[in-house]
Amino acid sequence: MTGLGRARSWLYVPGHRADLVRKALDGQADAVVVDLEDAVPPADKDRARETAVATCAARPGEVWVRVNAAGTPWAEADTAALAGGTVAGLRVPKAEDPAAVAALAERTGAPLHLLVESARGLRRAFALAECHRLVAGVSTGETDLAADLRIRDRRELGWARARIVTANRAAGLPSPVASVWTDLADRAGLTADSAALRDAGFFGRSVIHPDQIEPVHRAFTPDRAEVERARALLDSVGTAGTAAWVDDRGRFVDPAVVAGARWVLDLADSLTDHHEPAGATAGKETS
């Protein structure tokens with residue numbers, strides 16, 4: 001399960017550590033991102049790229065790769081090595097220029113997950129989300145973004161997060177993936193923050209250590225009560241058609257509420273470790 005809108009955990013693994021890449025692919029993360037950027041020292045960039053290419057060839061369509069940003073000494077080599085290959089998709093850091101993103105999509109033919117990490121990128125979030133059919137999603141890289149905006153408390157990024165959520169959904173893209181939680185020792189903080197971001201319109205989260213996978217999965221997996229409510233609501237649809245109505249529990253129901261319930265059951269069906277098997281009423285996500 002490596003697609004945006006379905007993968008709950010996106011585990012970054014440094015590309016120059018082939019041993020960790022193999023371990024990650026056999027682990028519990030929904031998606032693995034081989035990192036060629038921040039986690040890799042300059043002296044190891046070539047080795048990381050070779051590992052990424054070999055891993056994508058061995059596991060076609062399963063592995064995402066975060067390339068180095070445009071304008072760095074390694075960006076061209078990353079693009080050339082991964083173009084037309086078997087990568088599931090590319091994570092593109094420091095995305096700012098819609099024309100450059102479109103050109104990268106044309107050259108590589110790969111789905112692109114864009115990371116907005118600057119004020120300039122945030123201003124262009126809507127254009128980035130809509131600049132090419134291969135743009136699969138737009139997310140924040142919050143450490144860099146907060147630094148560029150001179151924000152000291154990342155809780156003050158709520159307005160920026162809302163802009164990213166809106167840009168994705170306005171472009172018909174899945175809910176965005178949340179940025180990493182950098183305090184590995186603060187599991188409670190990760191749990192609470194993930195739940196808050198879920199409620200704010202994000203789905204899934206980037207993680208930097210396997211110990212972060214379980215709380216992230218729990219936050220983004222519909223629980224038993226949520227699934228039961230969704231199933232009961234869909235069971236109440238009956239012959240109401242597209243009109244709004246009040247069900248036998250006194251809940252106001254309209255097509256938007258029905259679409260949300262269908263999304264919950266569809267999501268539950270797709271998760272192998274869901275708390276309870278979903279029923280047959282699940283449908284596809286509706287915008």
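Numbers for residues simply follow the sequence, beginning at 1.
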Colleague: Checking side-chain polar atoms at under 3.5 Å, does Ser206 have a donor or acceptor matched by the opposite partner on Arg91?
Modeller: yes
Colleague: Rounded to the nearest 0.5 Å, how far apart are CZ of Phe220 and CZ of Arg198?
Modeller: 7.5 Å
Colleague: Is any side-chain heavy atom of Ser175 less than 4.5 Å from a side-chain heavy atom of Phe202?
Modeller: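 No, too far: nothing below the 4.5 Å cut-off.
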Colleague: I need the Asp46 CG to Arg49 CZ distance, nearest 0.5 Å.
Modeller: 5.0 Å
Colleague: Nearest 0.5 Å, please: how far is CZ in Arg22 from CZ in Arg17?
Modeller: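 One finds 10.0 Å between CZ of Arg17 and CZ of Arg22.
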Colleague: Taking the side chain as every heavy atom from C-beta outward, state whether Tyr12 and Val32 have any atom pair closer than 4.5 Å.
Modeller: no
Colleague: Only one of Val87, Asp78, Thr79, Leu134 forms a side-chain contact (heavy atoms from CB on, under 4.5 Å) with Thr108, so which one is it?
Modeller: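 When side-chain contact (heavy atoms from CB on, under 4.5 Å) is applied between Thr108 and each of Val87, Asp78, Thr79, Leu134, only Thr79 qualifies.
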Colleague: Decide, yes or no, whether a salt bridge links Arg161 with Glu156 under the criterion of side-chain N to carboxylate O below 4.0 Å.
Modeller: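 The answer is no: the pair does not qualify as a salt bridge.
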Colleague: Report yes or no: do Arg218 and Ser194 form a side-chain donor-acceptor pair below 3.5 Å?
Modeller: no
Colleague: In the single-linkage hydrophobic clustering (I, L, V, M, F, W, Y; side-chain heavy atoms under 4.5 Å), do Trp10 and Val40 co-cluster?
Modeller: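 No: no chain of side-chain contacts under 4.5 Å links Trp10 to Val40.
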Colleague: Does some side-chain heavy atom of Val65 sit less than 4.5 Å from a side-chain heavy atom of Cys56?
Modeller: yes
Colleague: Looking only at atom types and distance, does a side-chain atom of Arg205 sit under 3.5 Å from a main-chain N or O of Val216, one as donor and one as acceptor?
Modeller: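 Answer holds: no.
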Colleague: With side chains defined as the heavy atoms from C-beta onward, is the minimum distance between His113 and Leu4 less than 4.5 Å?
Modeller: yes
Colleague: Got Thr182 and Arg154 here, is their nearest side-chain heavy-atom distance under 4.5 Å?
Modeller: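 In short, these two side chains touch, coming nearer than 4.5 Å.
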Colleague: Among Leu128, Val138, Leu114, Leu115, find the residue that satisfies the side-chain contact (heavy atoms from CB on, under 4.5 Å) test when tested with Val92.
Modeller: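 When Leu128, Val138, Leu114, Leu115 are each tested with Val92, the side-chain contact (heavy atoms from CB on, under 4.5 Å) holds only for Leu114.
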Colleague: What pair of heavy atoms forms the shortest contact from Asp30 to Arg6, and how long is it?
Modeller: OD2-O, 4.2 Å
Colleague: Could you tell me which non-hydrogen atom of Gly61 sits nearest to which non-hydrogen atom of Ala88, and how far apart they are?
Modeller: O-CB, 3.4 Å
Colleague: Verify whether one side chain among His16 and Thr51 offers a donor that lies under 3.5 Å from an acceptor in the other.
Modeller: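 Looking only at side-chain atoms, Thr51 and His16 do not form any donor-acceptor pair under 3.5 Å.
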Colleague: Go through Leu157 and Ile151 one step at a time and tell me if the side-chain contact (heavy atoms from CB on, under 4.5 Å) criterion holds.
Modeller: CA-CA 8 Å; Leu157 283 171; Ile151 289 177; 3.6 Å; yes
Colleague: Membership question, hydrophobic clusters at under 4.5 Å side-chain separation (ILVMFWY): are Leu173 and Phe126 in the same one?
Modeller: no
Colleague: Got a donor-acceptor contact below 3.5 angstrom from the Asp148 side chain to the Glu117 backbone?
Modeller: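 No, the answer is negative, given that no donor and acceptor are paired below the 3.5 Å cut-off.
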Colleague: Within 45 degrees of the axis of the six-membered ring of Phe203 and under 6.0 Å from its centre: does Arg8 put its NZ or CZ there?
Modeller: no
Colleague: Can you hop from Trp159 to Val116 via hydrophobic side chains spaced under 4.5 Å?
Modeller: yes
Colleague: To check you understand the geometry: which heavy-atom pair defines the closest contact between Asp186 and Trp181, and what is its length?
Modeller: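 That closest heavy-atom pairing would be O-NE1, 3.1 Å.
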Colleague: Determine whether a donor-acceptor pair (N or O, by modelled atom type, separation under 3.5 Å) exists between the side chain of Arg163 and the backbone of Arg123.
Modeller: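 Judged by distance alone, yes, a pair lies under 3.5 Å.
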Colleague: Go through Thr86 and Glu62 one step at a time and tell me if the side-chain contact (heavy atoms from CB on, under 4.5 Å) criterion holds.
Modeller: CA-CA 8 Å; Thr86 53; Glu62 296 183 30; over 6 Å; no
Colleague: Would you say the side chain of His217 lies within less than 4.5 Å of the side chain of Ile213, judging by non-hydrogen atoms?
Modeller: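 In short, these two side chains touch, coming nearer than 4.5 Å.
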Colleague: Are Val101 and Leu112 close enough, and set up right, to give a side-chain contact (heavy atoms from CB on, under 4.5 Å), and what steps lead you there?
Modeller: CA-CA 8 Å; Val101 168; Leu112 303 182; 3.9 Å; yes
Colleague: Checking Ser118 against Glu96: is there a side-chain donor and acceptor pair closer than 3.5 Å?
Modeller: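 The criterion, which ignores hydrogens and geometry beyond distance, is satisfied for Ser118 and Glu96.
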Colleague: Of all heavy-atom pairs between Ala125 and Ile164, which one has the smallest distance, and what is that distance?
Modeller: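 Heavy-atom minimum between the residues: CB-CD1, 3.9 Å.
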Colleague: Under 4.0 Å between a side-chain nitrogen and a carboxylate oxygen: does that hold for Lys94 and Glu37?
Modeller: yes
Colleague: Could you give the distance from CG (Asp97) to CG (Leu104), rounded to the nearest 0.5 Å?
Modeller: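 It comes to 11.0 Å.
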Colleague: Is a side-chain donor-acceptor pair under 3.5 Å present for Glu106 with His132?
Modeller: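 Result is yes, a qualifying pair exists.
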Colleague: Find out whether Asp35 and Val13 are in side-chain contact, i.e. whether some heavy atom of one side chain is under 4.5 Å from a heavy atom of the other.
Modeller: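 Result no, sub-4.5 Å side-chain heavy-atom pair not found.
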Colleague: With hydrophobic residues grouped by side-chain heavy-atom distances under 4.5 Å, do Leu25 and Val207 end up in a single group?
Modeller: yes
Colleague: Taking the side chain as everything from C-beta on, heavy atoms only, tell me whether Gln212 gets closer than 4.5 Å to Leu184.
Modeller: yes
Colleague: What is the minimum heavy-atom distance between Val135 and Ala129, and which atoms define it?
Modeller: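 So the two residues come closest at CG1-O, 3.9 Å.
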Colleague: Go through it in stages, so that I can follow the logic: the residues are Ser179 and Thr143, the test is side-chain contact (heavy atoms from CB on, under 4.5 Å), and I'd like the CA-CA distance, side-chain angles, deciding distance and then a yes or no.
Modeller: CA-CA 8 Å; Ser179 189; Thr143 300; 5.7 Å; no
Colleague: Could you pull out the closest heavy-atom pair between Leu197 and Ala178, with the gap in Å?
Modeller: CD1-CB, 3.6 Å
Colleague: Less than 4.0 Å between a side-chain N and a carboxylate O, is that true for Arg187 and Glu214?
Modeller: yes
Colleague: Among the clusters formed by ILVMFWY side chains lying less than 4.5 Å apart, do Val165 and Val177 turn up in the same one?
Modeller: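 Unlinked, Val165 and Val177 end up in two clusters.
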